[in-house]
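Report on one structure; see the data block that follows.
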Amino acid sequence: MDRRITLKNTSYITFLLDKNEEKLKDINRIFGVDAIFRGGDVVISGNADGVKKASVFFQDIDKMINEGHYLSKKDFENVLKTVDVSKNARVEAIFATETLHNKAKKLIPKTVAQHNCIEAIKNNTITVCIGPAGTGKTYLSVAMALFYLLKKKVKRLILTRPAVEAGEKLGFLPGDMYEKVHPYMRPLYDALYDILDIDRVSRLLNQGRIEIIPLAYMRGRTLNDAFIILDEAQNTSPTQMKMFLTRLGFNSKAVITGDVTQIDLPTTEESGLIDVRETLAFVEDLKIVYFTKDDVVRNPIVTKIIEAYERKEAR
């Protein structure tokens, strides 16, 4: 079966293909077809099912570009990787989600797991995101939290982390409470500043609409109309995790993120993230989303590093 498709953004798509045949070979391998570009068209040959899926793939990419989505070469590589893992994944579904965007930078999920994470946050009161570093767990959570805050779906955004030393003895830190805990909270500030401009973040902080605090300061509070993020949750104890989860008030959402392979607790202490994964797996209105090394969206070497540690642990 042969099919010829006219694309509106052929030059941009060939740019994403990087002017070499490797990515096109990947597309052909994924769908079991032979696709070639002829002028402004792409001609796809193969079995009916493969031709249909490949046609939808090219049409989805063309549609996304036509609607103003900016796709980098890295984004395109991640799309290919996602479709390769899940043959029935629609490119349109990966991008079709309501997220915050600022100016020319649109925040869009780059993998199926990221899309699933956003959908879980929208459809559940509590979402638990578990997976390795570099998969976008914290960044997506902060982006969704800001979306809810700026759309006035909640009144406050609260970001928290356990203040645990990551294999280092920092000793006595001078200064007030803010100065002592700020280094632990820095990644949360980084995510905020990357999504919104610094002045706007500062105004929201000064107004008390965004609050960044250590987990210990959550005890005794009941949080209504709030979006609450617990980051680095693998470094909580089961008691701390229970304390955090029971802070949730009316019209609030909570997102818990962590990597169970990077626990900095004493070896004799159980991780609250592992405990919640087992204890609350079947609780209604709570969704656990798993990320893998295939969802890493940082420098490709990060995936290789994760794989090397996995091989070592397997031995």
Side-chain angles (χ1 to χ4, degrees), residues 1-99 101 104-119 131-132 134-136 140 289-304 306-307:
M1 178 180 177
D2 292 344
R3 186 171 183 183
R4 189 183 191 106
I5 302 171
T6 299
L7 303 173
K8 296 180 179 179
N9 301 281
T10 306
S11 59
Y12 197 93
I13 292 173
T14 54
F15 160 76
L16 293 174
L17 291 170
D18 211 17
K19 296 182 180 179
N20 64 43
E21 296 183 359
E22 293 306 313
K23 290 191 180 71
L24 190 56
K25 286 179 180 177
D26 285 339
I27 293 171
N28 290 337
R29 173 186 56 78
I30 291 168
F31 297 108
V33 299
D34 182 22
I36 58 173
F37 283 88
R38 290 179 180 167
D41 299 343
V42 58
V43 180
I44 308 168
S45 304
N47 66 71
D49 184 59
V51 169
K52 180 181 178 181
K53 289 181 178 178
S55 300
V56 170
F57 173 81
F58 280 112
Q59 288 170 330
D60 277 356
I61 291 290
D62 194 47
K63 181 181 178 184
M64 293 298 102
I65 297 169
N66 209 47
E67 290 178 351
H69 289 269
Y70 170 76
L71 288 177
S72 67
K73 291 181 180 180
K74 182 62 179 175
D75 291 336
F76 189 68
E77 288 174 6
N78 287 328
V79 167
L80 281 179
K81 186 163 60 174
T82 299
V83 174
D84 194 12
V85 172
S86 178
K87 306 298 183 188
N88 294 318
R90 286 288 303 273
V91 175
E92 195 173 38
I94 298 172
F95 294 99
T97 188
E98 189 181 21
T99 57
H101 65 90
K105 185 175 183 180
K106 195 157 190 172
L107 300 175
I108 52 177
K110 293 181 170 62
T111 69
V112 167
Q114 288 193 359
H115 173 73
N116 291 343
C117 176
I118 289 175
E119 291 303 305
T135 50
L140 279 176
V289 179
Y290 291 97
F291 292 75
T292 71
K293 63 179 182 294
D294 294 322
D295 299 304
V296 171
V297 290
R298 289 182 183 170
N299 189 307
I301 197 172
V302 174
T303 301
K304 296 175 183 177
I306 292 169
E307 289 172 346

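Here the straight-line distance linking atom CZ of Arg4 with atom OG of Ser45 works out to 10.5 Å at 0.5 Å rounding. One distance of note links CD of Glu22 with CG of Leu80; it measures 12.0 Å at 0.5 Å rounding. A distance of 10.5 Å separates OH in Tyr12 from CZ in Phe76, rounded to the nearest 0.5 Å.
Of all heavy-atom pairs spanning Val289 and Ala113, the tightest one is CG1-O, 3.9 Å. The minimum heavy-atom distance between Cys117 and Phe291, with the atom names listed, is CB-CZ, 3.7 Å. Minimum interatomic distance between Leu24 and Ala35 (heavy atoms only, all atoms of both residues): CD2-O, 3.4 Å. In plain terms, the two heavy atoms of Gly32 and Asn47 that are nearest each other are O-ND2, 4.0 Å. For the residue pair Ile13 and Ile65, the shortest heavy atom distance occurs at CG1-CD1, 3.9 Å. Contact detail for Asp41 and Thr6: the closest heavy-atom pair is OD1-OG1, 2.9 Å.
Shown here are the side-chain hydrogen bond (donor to acceptor under 3.5 Å, both in side chains) partners of Asn9, two or more places apart in sequence or in another chain: Asp62. Remark: Phe57 engages Phe31 in a ring-ring contact (aromatic ring centres under 6.0 Å, His included) (not counting sequence neighbours).
You'll find the side chain of Met1 stays beyond 4.5 Å of the side chain of Lys52, heavy atoms only. Residues Ile27 and Lys23 are not in side-chain contact: their nearest non-hydrogen atoms beyond the backbone lie 4.5 Å or more apart. With a 4.5 Å cut-off on side-chain heavy atoms, Thr292 and Tyr290 do not count as touching.
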